[in-house]
Each structure stands twice: as C-alpha cells, then as structure tokens.
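My structure is below; once you've seen it, I'll send some questions.
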Amino acid sequence: MSSVSDVSVALDTVWVLVAAFLVFFMQAGFAMVEAGFTRAKNASNIVMKNLMDFAIGSIVFFAFGFAIMFGKDLGGFIGTSGFLGLGSMEHLGLKIPIEAFIIFQTVFAATAATIVSGAMAERTKFIAYVIYSAVVSLIIYPVVGHWAWGGGWLSKLGFIDFAGSTVVHSVGGWAALMGAAILGPRIGKYGKNGEVHNLSGHSITLGALGVFILWFGWFGFNPGSTLAAVPDIARIAMTTNLAAAAAATTVMIITWIRSGKPDVGMTLNGTLGGLVAITAGTAAVSMWGSIAIGVIAGFVIVFGTEFIDKVLKIDDPVGAVGVHALCGAAGTILVGLFATEGGLFYGGGASLLLVQLTGVAAVAVWTLSTTFVLFKTLKATVGLRVSKEHELMGLDRSEHATEAYADFVLNGTSKAA
C-alpha cells in the first residue's frame, strides 16, 4: 500500500505536468495572436517561428540552459552543474521527479524566447530568428532565471517574482524592444514626416483566439509555479483571473473614452498585459490587490504602447514590448507596494520596493546589453532583415516557399500595404 508521502508526490507530479502542458499550449496562443495581428502574407512564417523556437529551445535548454539556471551556484551569477542532463541536482531539494521540473522550466524558457517573434514580425530573416531563439534559451534567459530562482543574488536579496513577470516576460520584452529597434520599422509604417500608418493585421478572430488560449494557459503558468498540488493554487488562480479581467475592462474604458469606440485589438492586448503584470505577485497579493495591479497594467499598456509606437518610432506589430517588457516591469515593481507581507501599502516599508526596483533594472540592463550584441552580430553575419523585395512579397513565399492561404487572393503582397 502506498504511503501518504507517495500519494502526495504523485499528486504534485501530476499537477506540475498538467500545468506544464497548459503552458506549452500557450505556444499556440502566441502563434495565433502574432499571426492574427500581422498580415496574411506572413502567417506561415509566424507559425514556423513559434514551432521552431520551442523545438530548438527544448534541446538547448535541456543540454545547457537548465544547468546554467539551476546548477550549483557560482558567485550568485550562474549555475555550474547538470550540463547535458548529467550529474546530481539534489541541491534543489525537489520532491517531484527532476524530469517533471525540467519540462516545466522548459515551457517557461520557450515563452521567453517566443515573445520577440511578434515584435520583429514581417521583416526578419528566418535563420536569424532561429539563432536568436537558441541563444535566449541557452544563456540569456537562464542567467536571469538563476539570479531569481536558482539561488542567485536576486533571490538572496528577497526579490519576489513568483512566476516570471520579469524573469520570463520582461526578458522576452526587452529582447523584443532591442530587436525591433535594430531591425527598423516595416516598409510603410512611418511616413516621411513622421506620421504613423496603421498596418492592420489580417484576422482579429485569430488574435482573439490566441488571447483566450493564453488566458487559459496562464492557469498553468501561475498556479503551476507552486510546484505542488497545494490549496494556494486556488487563490493564485483567482488573482491571475482578476488582474486579467481588470486590465481588459480598464483598456476598454480608456479607448472608449479617448476615441468614442472601444478598441478590440488594444483590449485584447490589455488582457495579456494584466496577466503579465500579476505574474510576479500572484501568490503575494490579495484579490483586491490583483485588481489594482490589473487596472494599472491597463494604463501601462495603452500609453506605453503608444509611446513606443509614436514617440520612439519603434515598430512592434503586435505590441509585445508594451505587454511583456512594460507590464512585466510594472507588475514586478507593484509587488513592492501590494504584497500583503512586506509591501509598502501593508506597513512593510520601502525595502521590498527597492529590491523589486533593483531586480527590474538589473534584468533590463542584462537583457538589453546581451541582445544588443546578439542582434548586431547577426546583422553583421547572417543578416537580420530580409530584402525589400522579399518583405513586400511576404515572408511565407520568400522564406518558406509556401502560402498560409493558398486558395485566397491576398492584398498587399507586392506593395507596402
């Protein structure tokens, strides 16, 4: 007869695996959001990138990234054991099988890598993207993960990022910002006098489907980060859901007031911004605190995305930087205010807030600097951007010799629009 301990381990293992499978399904959500928010002539390219960043990332993260992230700590900066799946990882003190932990961490790594796909969509060489996503899963993301989750210097400071507003989402978001800035805008996005042109995506329906898939997957992303089937997963699910709902409602109201019509695309992104923002503090804040974080994320996504697009003139077709970098940073910082234990609004003083600010700044500096080197190197070697002819043609045909909608006549495959 199995002991109570054996049953507990079995339940924890099943829960972590189910959560991992939910997070894996988020790859489909990202693919649908990015495909829907971009033009039809690039849909196959979007799908291929989301497929291959997971496939390639799974291999390199297993072989190297996991060890860098969770291996025995060296100076608070990097892990040094467990490469190639070899050696003992007993220092982690896991109660679940190591394989369950690795697959759960793998799907998180894939999320960080795939975020940049949308921001650099419609003009990036496929070979450059493949190399980029491999490097993120190999070293850029694992180093940050070690700092916060692998026993590194941020964890020792008391940094709170329960499921990865900064570790996962801001890493992907800052990389997306750097990549889009170096790559330059799509043809026709900005006029000669600086005016901003709207290059509409081809399917708001696909984009909406992607958002619903991502919202669903987040119930694995956040509650699954307990790594155990414990009662806390119920409260984490509630804070996750309330933040998303509050952000979506806030964005709908803001856009309705500003333009006289509620903006569908921005509201969809507002939902994602709320999910990203609550991910850091989902286990540390109250349900009312999660609503407040969602409301703030709604303002961040609207005005942050507008600032990137209209002021910085950085072309981000799907709003990935606003959703993941800005809302990820904001949500992590807000833990310092709304955490029921240690938060400024709960009598904890400013110490946690300062730690959160330190973590956000350090991750931004690390990611922006490493991806600057990475994208500049790719630009100087294999090339980062497709030719003008291929961009106008569409990446489906130029990069993959296929079409996502072969039986349809597509507009804009030979001109800027």
Side-chain angles (χ1 to χ4, degrees), residues 22-23 25-51 53-54 110-111 114-124 169 172-173 176 180 186 189 196-219 221 244-245 247-252 254-256 259 261-277 294 297-298 300-302 304-306 308-309 315-327 394-396 403-405 408 410-412 417:
L22 285 170
V23 178
F25 193 44
M26 290 172 72
Q27 287 290 124
F30 282 116
M32 294 303 97
V33 167
E34 293 167 16
F37 284 3
T38 54
R39 290 168 290 183
K41 62 185 179 180
N42 300 300
S44 292
N45 177 256
I46 293 288
V47 170
M48 188 67 167
K49 290 194 293 185
N50 279 271
L51 171 67
D53 62 33
F54 184 81
T111 299
T114 202
I115 288 167
V116 76
S117 173
M120 297 176 67
E122 302 199 301
R123 72 268 201 212
T124 304
H169 293 282
R186 291 167 292 172
K189 174 62 179 177
V196 180
H197 299 146
N198 182 29
L199 304 181
S200 298
H202 82 282
S203 176
I204 200 70
T205 308
L206 278 182
L209 174 62
V211 169
F212 281 116
I213 290 173
L214 288 168
W215 197 338
F216 176 65
W218 238 283
F219 292 122
F221 205 98
T249 303
T250 300
V251 172
M252 180 193 70
I254 293 172
T255 59
W256 206 334
S259 67
K261 302 287 183 181
D263 188 296
V264 180
M266 185 64 77
T267 303
L268 289 169
N269 259 352
T271 307
L272 299 181
L275 289 164
V276 169
V300 170
I301 194 68
V302 172
T305 299
E306 192 172 280
I308 291 163
D309 186 32
D315 183 15
D316 176 4
V318 305
V321 177
V323 169
H324 299 281
L326 302 187
C327 286
L395 302 190
D396 286 5
E403 295 180 36
Y405 304 96
F408 294 82
L410 303 182
N411 292 324

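Just the heavy atoms: all of them, side chains too, but no hydrogens, waters or symmetry mates, feed the values below. This chain uses plain numbering: 1 for the first residue, then up along the sequence.
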Geometric class of the Trp218/Phe221 ring pair [parallel <30°, tilted 30-60°, perpendicular >60°]: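 Correct class here is tilted.
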
Could you check if a side-chain atom of Ser117 sits within less than 4.5 angstrom of a side-chain atom of Asn50, using non-hydrogen atoms only?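 Ser117 reaches Asn50 side chain to side chain.
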
Determine whether Val323 and Ile301 make a side-chain contact, defined as any pair of heavy atoms from C-beta on separated by less than 4.5 Å.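 Side chain of Val323 against side chain of Ile301, heavy atoms only: contact under 4.5 Å found.
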
Can you label the angle between the Phe216 ring and the Phe25 ring as parallel, tilted or perpendicular, going by 30° and 60°?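 Perpendicular, since the angle between the ring planes exceeds 60°.
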
How close do Ala297 and Ala277 get, heavy atom to heavy atom, and via which atoms?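 So the two residues come closest at CB-CB, 3.8 Å.
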
So, do Ile308 and Thr305 sit near enough that their side-chain heavy atoms are less than 4.5 Å apart?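 Ile308 does not reach Thr305 side chain to side chain.
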
Check: Thr38 side chain, Glu34 main-chain N or O, donor-acceptor pair, under 3.5 Å: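 Yes, the answer is positive, given that a donor and an acceptor are paired below the 3.5 Å cut-off.
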
Using 0.5 Å steps for rounding, measure from the CG atom of Leu214 to the CG atom of Leu209.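 CG of Leu209 is found 9.5 Å from CG of Leu214.
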
Which heavy-atom pair separates Trp215 from Ala245 by the least distance, and what is that distance?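 Between these two residues, the closest heavy atoms are CZ2-N, 4.1 Å.
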
Backbone N/O of Ala244 and side chain of Thr271: donor-acceptor pair under 3.5 Å: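 The answer is no, because no donor-acceptor pair under 3.5 Å joins these two groups.
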
Determine the minimum heavy-atom distance between Pro317 and Ala121, stating which atoms define it.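 Minimum heavy-atom contact is CG-O, 4.1 Å.
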
Is the closest side-chain heavy-atom distance between Ile254 and Met266 below 4.5 Å?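 Side chain of Ile254 against side chain of Met266, heavy atoms only: no contact under 4.5 Å found.
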
Looking only at heavy atoms, what is the nearest atom pair of Ala325 and Gly173, with distance?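 For Ala325 and Gly173, the tightest heavy-atom pair comes out as CB-C, 3.5 Å.
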
Distance-only, no hydrogens or angles: does the Asn45 side chain make a donor-acceptor pair with backbone N or O of Asp396 under 3.5 Å?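 No, because the side chain of Asn45 does not come within donor-acceptor range (under 3.5 Å) of the backbone of Asp396.
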
Is there a side-chain contact between His169 and Thr111 in this structure, where contact means two heavy atoms from C-beta onward sitting under 4.5 Å apart?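 In short, these two side chains touch, coming nearer than 4.5 Å.
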
With a 3.5 Å distance limit and no angle check, can you tell me whether His202 reaches the backbone of Ala35 through a side-chain donor-acceptor pair?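 Yes.
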
Out of curiosity, Leu395 CG to Met48 CE, how far, rounded to the nearest 0.5 Å?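 Rounded to the nearest 0.5 Å, the CG-CE separation comes out at 13.0 Å.
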
Which atom pair, heavy atoms only, marks the closest approach of Ala404 to Ala40?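 Heavy atoms only, the tightest pair is CB-O, 4.4 Å.
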
I need the Ser203 OG to Phe37 CZ distance, nearest 0.5 Å.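 The distance works out to 9.5 Å.
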
Could you tell me whether the side chain of Met26 reaches within less than 4.5 Å of the side chain of Ile213, counting heavy atoms only?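 No. Closest side-chain heavy atoms not under 4.5 Å.
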
Answer yes or no: are there more than 12 heavy-atom neighbours, outside Phe219 itself, under 6.0 Å from its atom CZ?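 More than 12 within 6.0 Å, yes.
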
What residues form a side-chain hydrogen bond (donor to acceptor under 3.5 Å, both in side chains) with Glu122, not counting sequence neighbours?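 Result, side-chain hydrogen bond (donor to acceptor under 3.5 Å, both in side chains) vs Glu122: Arg39, Asn42, Arg186.
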
For the residue pair Ile115 and Ala320, what are the closest heavy atoms and their distance?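 Distance-wise, the nearest heavy atoms are O-CB, 3.8 Å.
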
With a 3.5 Å distance limit and no angle check, can you tell me whether Asn269 reaches the backbone of Val318 through a side-chain donor-acceptor pair?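 Yes.
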
Under a 3.5 Å distance rule, please check whether Thr255 uses its side chain to pair with a backbone N or O of Met252 as donor and acceptor.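 A pair under 3.5 Å: yes.
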
One pair to check against side chain to side chain contact (heavy atoms under 4.5 Å, CB included): Leu268 and Ile204. What are the steps and the verdict? CA-CA 10 Å; Leu268 289 169; Ile204 200 70; 4.1 Å; yes

List in chain and number order the residues that pass salt bridge (charged side-chain N to carboxylate O under 4.0 Å, His left out) with Asp263, two or more places apart in sequence or in another chain; answer none if no residue qualifies.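 If we apply the salt bridge (charged side-chain N to carboxylate O under 4.0 Å, His left out) test to Asp263, skipping adjacent residues, there are no hits.
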
Straight-line distance of Asp309 CG to Lys189 NZ, nearest 0.5 Å: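 Asp309 atom CG to Lys189 atom NZ measures 4.0 Å (nearest 0.5 Å).
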
